[in-house]
Amino acid sequence: MDQTEAQLALPGVGRPGARSFPVGARTGFLGLLVAALGTVVAMVLITIGFAAAGAEDLSNNHAFVLVATLAQDAMFVIAAYALTAEAGPVSASTFGLRPFGRSAIGTMAVAFGAYWALSLVYSALVAPPCDKLPDDLGIHQSAVLATLAGIFVIVIAPLAEEFFFRGFLFQALRQSWGVWLAAPASGLIFGALHFAPDKLVPLAILGTALAFVFHRTRSLWPCVLLHAVNNTFAFVILLSGSSC
């Protein structure tokens with residue numbers, strides 16, 4: 001049986017009595033499947049469209065990579081909203097898009113500091129390669145492509161991914177399993193779905209940290225901000241070419 005947020009509340013974490021999420025873990029996993037199928041269909045249609053327009057070597061086509069990645073993020077958002085709405089009326093606040101207080105700043109600082117500390121240890125031990133998505137988007141080809149890539153990496157991706165992975169999936173898993181299982185589980189799924197084995201551990205750590213930030217603040221905006229800050233650091237490093 002799904003647990004309410006009041007039952008899941010921890011000392012100093014969350015607010016007992018807050019409204020529970022409309023769906024549980026089963027719907028959360030269904031959301032993953034629906035988003036995946038939607039992405040496949042979108043990829044086929046986009047590929048057909050680019051091929052019909054005469055595009056060749058789509059793997060090196062920056063416009064194709066950008067449109068395909070945008071479509072993937074859109075499928076996650078659509079799947080999350082549609083499945084949650086089936087359980088009853090929803091609003092932006094259902095997914096955590098609500099204001100947050102100044103106390104959230106401390107939570108954000110602790111979570112982000114812990115994530116960076118653990119990531120630095122992991123990087124020192126494993127030395128994973130740099131993320132190549134910004135390069136695939138053509139950040140070194142022109143100022144226009146760099147600007148478009150920056151908007152996607154720093155603004156669109158954090159908002160879309162947080163909406164699905166924290167606003168939908170984490171809340172759905174928490175509703176059924178409780179926060180201590182839901183946070184690492186949603187973080188692991190978040191890392192795995194980036195399909196980069198060398199990035200799995202740091203992304204899972206980030207996803208878990210953001211889940212606890214969401215649970216503590218009851219707002220998705222701190223998660224979006226931290227995600228955007230993290231992506232900004234990575235984007236600037238890649239743009240400067242100082243580490244790749």
Side-chain angles (χ1 to χ4, degrees), residues 39 59-74 76-77 104-105 107-167 169-170 183-184 186-214 220-244:
T39 298
S59 62
N60 291 318
N61 187 305
H62 303 311
F64 174 79
V65 174
L66 178 60
V67 172
T69 309
L70 286 171
Q72 181 183 49
D73 282 352
F76 276 104
V77 172
I105 296 175
T107 301
M108 295 166 65
V110 170
F112 202 58
Y115 157 67
W116 268 94
L118 292 173
S119 294
L120 288 174
V121 172
Y122 174 80
S123 296
L125 295 174
V126 179
C130 295
D131 184 5
K132 294 303 180 183
L133 177 58
D135 281 330
D136 293 338
L137 295 175
I139 65 172
H140 295 116
Q141 301 299 315
S142 71
V144 173
L145 288 174
T147 300
L148 292 175
I151 292 173
F152 172 76
V153 170
I154 298 171
V155 180
I156 298 175
L159 183 56
E161 292 180 8
E162 291 310 309
F163 186 91
F164 182 85
F165 288 103
R166 257 60 66 182
L169 182 61
F170 166 64
S186 62
L188 183 61
I189 294 170
F190 170 70
L193 287 186
H194 280 76
F195 300 106
D198 51 282
K199 297 290 193 304
L200 174 60
V201 171
L203 286 175
I205 294 172
L206 176 62
T208 301
L210 291 175
F212 278 112
V213 169
F214 180 86
L220 195 64
W221 290 119
C223 303
V224 173
L225 291 173
L226 288 179
H227 197 147
V229 169
N230 181 68
N231 284 11
T232 299
F233 286 155
F235 184 78
V236 170
I237 291 172
L238 288 172
L239 192 62
S240 68
S242 60
S243 67
C244 297

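For the single chain, residues carry numbers from 1 onward in sequence order. As a basis for the values below, the full set of heavy atoms in this structure was taken, side chains included, without hydrogen atoms, waters or symmetry mates.
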Please report the closest heavy-atom contact between [X] and [Y], naming both atoms and the distance.
X	Y	value
Pro184	Thr208	CA-OG1, 3.5 Å
Val213	Ala111	CG2-CB, 3.3 Å
Leu200	Ala192	CD1-N, 3.4 Å
Ile154	Phe235	CD1-CD2, 4.2 Å
Phe76	Phe164	O-CD1, 3.2 Å
Leu220	Glu162	CD1-O, 3.4 Å

### Query
Is the closest side-chain heavy-atom distance between Leu159 and Trp221 below 4.5 Å?
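Touching, per the 4.5 Å side-chain cut-off.
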### Query
Given side chains that start at C-beta, do those of Leu226 and Leu210 come closer than 4.5 Å, heavy atoms only?
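Sidechains of Leu210 and Leu226: in contact.
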[atom1]-[atom2] distance between [X] and [Y], expressed to the nearest 0.5 angstrom:
X	Y	atom1	atom2	result
Leu225	Asn230	CG	CG	12.5 Å
Leu118	Leu206	CG	CG	11.0 Å
Tyr122	Tyr115	OH	OH	11.0 Å

### Message
Just to verify, what does Asn231 make a side chain to side chain donor-acceptor pair (under 3.5 Å) with, not counting sequence neighbours?
### Response
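Asn231 satisfies side chain to side chain donor-acceptor pair (under 3.5 Å) with no other residue.
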### Task
List the steps and the verdict of side chain to side chain contact (heavy atoms under 4.5 Å, CB included) for Val126 and Asp198.
CA-CA 8 Å; Val126 179; Asp198 51 282; 5.7 Å; no
### Query
With under 30° as parallel and over 60° as perpendicular, where do the rings of Phe165 and Phe190 fit, or are they tilted in between?
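Taking Phe190 first and then Phe165, their aromatic rings stand perpendicular (interplane angle over 60°).
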